[in-house]
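Input: a single structure, listed below in structure tokens.
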Amino acid sequence: MAVPAISLPAKITPSKHPQFETFKHRLLRIADAGRLSGAISTLDLMSHRGIPADLLTYSSLLKSSIRSRDLHLGKLIHRHLLHSGLPLDAIVTNSLIALYSKCGDWDTACLIFDQMGANRNLVSWTTMISSAARSNMERTAIGMFCEMLELGFIPNEYTFCGVIQACSSSEFVWIGLVVLGFVIKTGFWREDVAVGSALIDMFAKNGDLCSARKVFDGMLVRNLVVWTLMITRYAQRGCGEKAIALFVGMCLDGHEPDRFSMSSVLAACAEVGSLQVGKQLHSLAIRIGLALDVCVGCSLVSMYAKCVFGGPMDDSRRVFEGMPEHNVMSWTALITGYVQSGHDEEALELFGEMIREGEIQPNHFTYSSILKACANLSEANIGEQVYAHVVKSGLTIVNFIGNSLVTMYAKSGRMDEARKAFEVLYEKNLVSYNAIVDGYLKNSNSEQAFELIHQIQGSDFGASAFTFASLLSAAASIGIMGKGQQLHAQLLKSGFESDTCISNALVSMYSKCGNIEDAVQAFQEMEDRNTISWTSMITGLAKHGHADKALELFHSMVAAGAKPNDITYIAVLSACSHVGLVSEGRKHFQSMKNDHGIIPRMEHYACMVDLLGRAGHLEEAIDFISSMPVKPDALVWRTLLSACRTHGHTEFGERAAREILYQEPDDPSAYVLLSNLYAMGGQWGKVAMIRSGMKEKSLNKEAGLSWIETEGNIHKFHAGDTSHRRSEEIYEKLDELATEIKRLGYVSDTSSVLHDVDDELKEKYVWQHSERLAVAFGLISTSALKPIRIFKNLRVCGDCHTAMKFMSMVAGREIILRDSNRFHRIKDGNCSCGDYW
DNA sequence: TTAGGGTTAG
């Protein structure tokens with residue numbers, strides 16, 4: 001249908017009415033102050049008295065209604081404009097387009113734009129393109145940009161901003177690169193801050209921080225907004241150190257930080273975990289009068305929470321209490337801080353306080369954090385009560401609340417309920433899938449997990465950098481390297497491979513799948529390394545038993561100026577403990593506190609106990625525990641108990657078990673470790689007592705499970721399993737192996753068998769352990785050239801470890817076993833752990 | 001007198 005074009009008047013005759021100037025002045029004042037409700041009555045009064053307003057006034061009023069996104073008032077002004085009978089010029093028509101498109105009435109905007117016909121100018125096109133880009137109609141925006149070019153319009157810096165924004169979506173980045181060619185020719189990217197910002201954002205959103213930085217460095221003019229943008233993107237992409245460095249550069253360049261840049265750099269600082277930098281930023285915020293800003297306040301609360309690593313929340317609390325007013329965000333920031341730093345009970349208390357005060361209603365973020373606290377505490381019952389509140393507030397369709405519910409059930413081991421919550425989710429996203437997959441993995445149901453991973457790949461989430469990172473971590477946790485390699489190949493085509501998060505996920509995937517060589521390669525190929533990259537590599541090397549290389553890499557990390565965090569130190573300490581470098585470990589533990597200001601968490605203390613205990617320094621381990629400034633938790637005692645079991649120290653072992661059971665009376669692992677310890681010493685009476693105690697409490701030892709991937713399928717085995725379709729062949733292979741390795745001198749060590757039964761039966765028990773079934777299956781079903789990769793949910797048993805060394809000799813195959821603790825690379829009768837594990 | 005860029009909590 002042809003739409004008649006609006007004809008423009010040759011000249012607008014100015015109003016001659018004596019009161020015109022007075023009213024015009026009043027209207028412009030109203031528009032300036034944004035008090036638009038008065039404008040309509042003034043317009044009414046003017047039309048009543050026969051005083052026409054002019055187009056300039058209407059434009060100002062429209063601009064003001066656009067600024068406040070007030071479509072209702074904008075429409076009233078539009079109606080007045082039509083009644084005035086003034087012939088509309090391009091300027092006021094463009095303002096109308098902007099009004100409707102920015103307020104979400106896209107159809108009306110299009111109608112007005114269509115009616116303009118030949119009178120459309122560059123501003124009309126630009127308005128439409130920018131609005132489409134902002135409303136997630138990237139395809140429309142790009143289509144209009146092309147149409148505009150065909151009509152002969154030359155885009156200016158405003159137009160480029162709009163179209164570049166549209167190209168930020170990963171699907172259209174390739175068009176963005178074509179547009180970049182244009183922009184480079186015009187020089188806009190260097191001279192115009194908005195074009196530069198749009199480009200930086202396009203690259204940053206697609207994970208290419210290097211190109212974003214190149215644009216930033218090439219810009220001739222930089223204002224606070226551009227600096228802030230670059231700082232924010234670094235912070236969001238896990239490059240906290242760079243964000244902080246840039247913030248310093250910004251201040252040196254003479255820009256005083258505002259609430260935006262301050263909030264972002266605080267987030268960066270939280271990510272890096274540097275309390276020292278955080279405190280400096282806090283005092284800067286106080287000096288320049290930003291500390292009382294709500295936004296900055298929230299960032300301070302969460303910065304302190306993240307930087308103390310589970311230590312006291314005093315600083316966060318003080319900032320919160322010093323805030324002049326509280327809103328739902330500040331409450332949520334504090335509650336989330338408590339949850340993130342492991343103070344789940346306090347988080348629940350605070351939530352109760354918030355509800356009791358009743359002035360501020362929790363929102364979806366608050367609920368999500370509280371559900372997480374319930375998950376951590378395995379308090380599914382309280383969680384259900386919280387969820388009742390969610391239902392009442394009508395927030396059930398908020399995706400991540402549903403996800404938190406799934407996580408909560410999954411963490412409490414209630415997988416049926418988790419699955420139900422997952423199935424009824426209003427919208428399933430990757431986080432939902434990750435929550436349920438993770439639940440299945442933790443509860444040893446790899447088939448269900450694997451099936452869901454297939455579903456994820458078949459779904460149309462659209463591959464984003466985040467998708468890849470999640471899929472890689474799913475592949476890593478279950479150990480399906482085939483899937484991980486497929487993802488790696490897809491990544492190379494997708495253009496995400498330069499994303500630091502992705503590269504980190506690749507390093508971790510390869511190392512968790514037992515392929516340390518490819519992990520090292522992925523690490524070496526990285527363009528940008530952050531704390532997580534270094535930490536992942538150090539962890540990988542440590543788990544694979546390359547403690548020397550792990551420590552060497554740690555020194556390179558520090559030399560390269562990257563800042564180790566609490567997790568880095570867990571890797572470093574565990575590297576020392578895996579090879580028994582006791583004094584080196586002690587040194588690192590001191591340096592962590594003294595040189596890097598990292599307050600040790602329970603995990604660090606447990607690492608130290610592990611280091612001392614494994615090396616047989618049990619007395620020192622006990623002394624170390626007594627000297628701890630915080631009350632040792634069950635993890636610390638469990639670590640000691642495990643060391644006592646290794647070294648057969650019954651007295652300390654009993655003490656450790658008492659402490660564990662005092663804190664966690666239903667912990668099956670304490671019973672199992674203790675009964676293993678008694679079994680080692682042949683104290684069968686005590687073993688029987690423990691077992692009957694467990695039976696009374698109906699506690700079950702976590703079942704040992706091993707699995708192996710062949711051609712994308714997971715084959716899972718439990719001890720004595722006969723359910724596999726090739727079970728007969730598997731047992732035949734096992735028998736064959738048994739004969740051969742006994743000839744080579746293998747003698748079965750049955751001390752890990754709990755039962756007081758005769759030796760022959762014990763031998764049968766260990767011989768059918770899940771890891772051996774998996775190895776036998778690997779031998780009959782995989783190529784002789786590749787290593788056999790086995791995964792086990794618990795620690796490998798001593799006898800299986802010995803048997804596998806013999807098996808690697810007779811079969812001439814390398815066996816790579818990942819147990820719950822580390823990797824064992826077994827070749828020609830030797831294991832990379834050096835039998836120290 | 002019309003068109004463009006940045007912020008906190010999951």
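In the text below, chain A, chain B and the rest are named by the order of the sequence lines, each starting its count at 1.
Residues passing the ring-ring contact (aromatic ring centres under 6.0 Å, His included) test with Phe400(A) are His364(A), Phe365(A), sequence neighbours excluded. Arg26(A) is linked by a salt bridge (Lys or Arg N to Asp or Glu O under 4.0 Å) to nothing, counting only residues two or more places apart in sequence or in another chain. In this structure, the side-chain hydrogen bond (donor to acceptor under 3.5 Å, both in side chains) partners of Thr159(A), at least two apart in sequence or on a different chain, are Thr126(A), Asn156(A). For the salt bridge (Lys or Arg N to Asp or Glu O under 4.0 Å) test, residues two or more places apart in sequence or in another chain that qualify with Glu321(A) are Arg317(A). Residues passing the side-chain hydrogen bond (donor to acceptor under 3.5 Å, both in side chains) test with Ser197(A): none are found, sequence neighbours excluded.
If you check the side chains of Arg213(A) and Tyr234(A), you find a donor sitting under 3.5 Å from an acceptor.
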Close N or O pairs between protein and nucleotides 7-10 of chain B (under 3.5 Å):
{"residue": "dG10(B)", "atom": "OP1", "partner": "Gln340(A)", "partner atom": "NE2", "Å": "3.0"}

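Between the CE atom of Met202(A) and the C1' atom of dG5(B) there is a distance of 14 Å, rounded to whole Å. Taking atom CE of residue Met250(A) and atom P of nucleotide dG6(B), one finds them 16 Å apart after rounding to whole Å. One atom, CZ of Phe113(A), and another, P of dT2(B), lie 19 Å apart when rounded to the nearest Å. Between the C1' atom of dG5(B) and the NZ atom of Lys205(A) lies a distance of 10 Å, rounded to the nearest Å. In this structure, CZ of Arg222(A) is placed 21 Å from P of dG5(B), rounded to the nearest angstrom.
Using a 4.0 Å heavy-atom criterion, one finds that Asp293(A) contacts no nucleic acid atom at all. Residue-level contact check: Val195(A) touches the bases, meaning some heavy atom is under 4.0 Å from a base atom. Nucleic acid contact class of Val226(A) (heavy atoms, under 4.0 Å, all strands): base.
Pairs passing the salt bridge (charged side-chain N to carboxylate O under 4.0 Å, His left out) check and including a residue from residues 145-168 of chain A, sequence neighbours excluded, do not occur. Within the structure, the side chain to side chain donor-acceptor pair (under 3.5 Å) test picks out the following pairs touching residues 94-113 of chain A (sequence neighbours left out): His78(A)-Tyr100(A), Asn94(A)-Asn121(A), Asn94(A)-Ser124(A), Ser101(A)-Ser131(A), Asp105(A)-Thr108(A).
Ring geometry for Phe160(A) against Phe182(A) counts as tilted: the plane angle lies between 30° and 60°, on a 0 to 90° scale.
Contact of Asp201(A) with dG6(B) (side chain to base): no donor-acceptor pair of N or O atoms is detected under 3.5 Å.
For DNA chain B, the neighbouring residues in residues 146-168 of chain A, judged by any heavy atom under 4.0 Å, are Asn156(A), Glu157(A), Tyr158(A), Cys161(A), Gln165(A).
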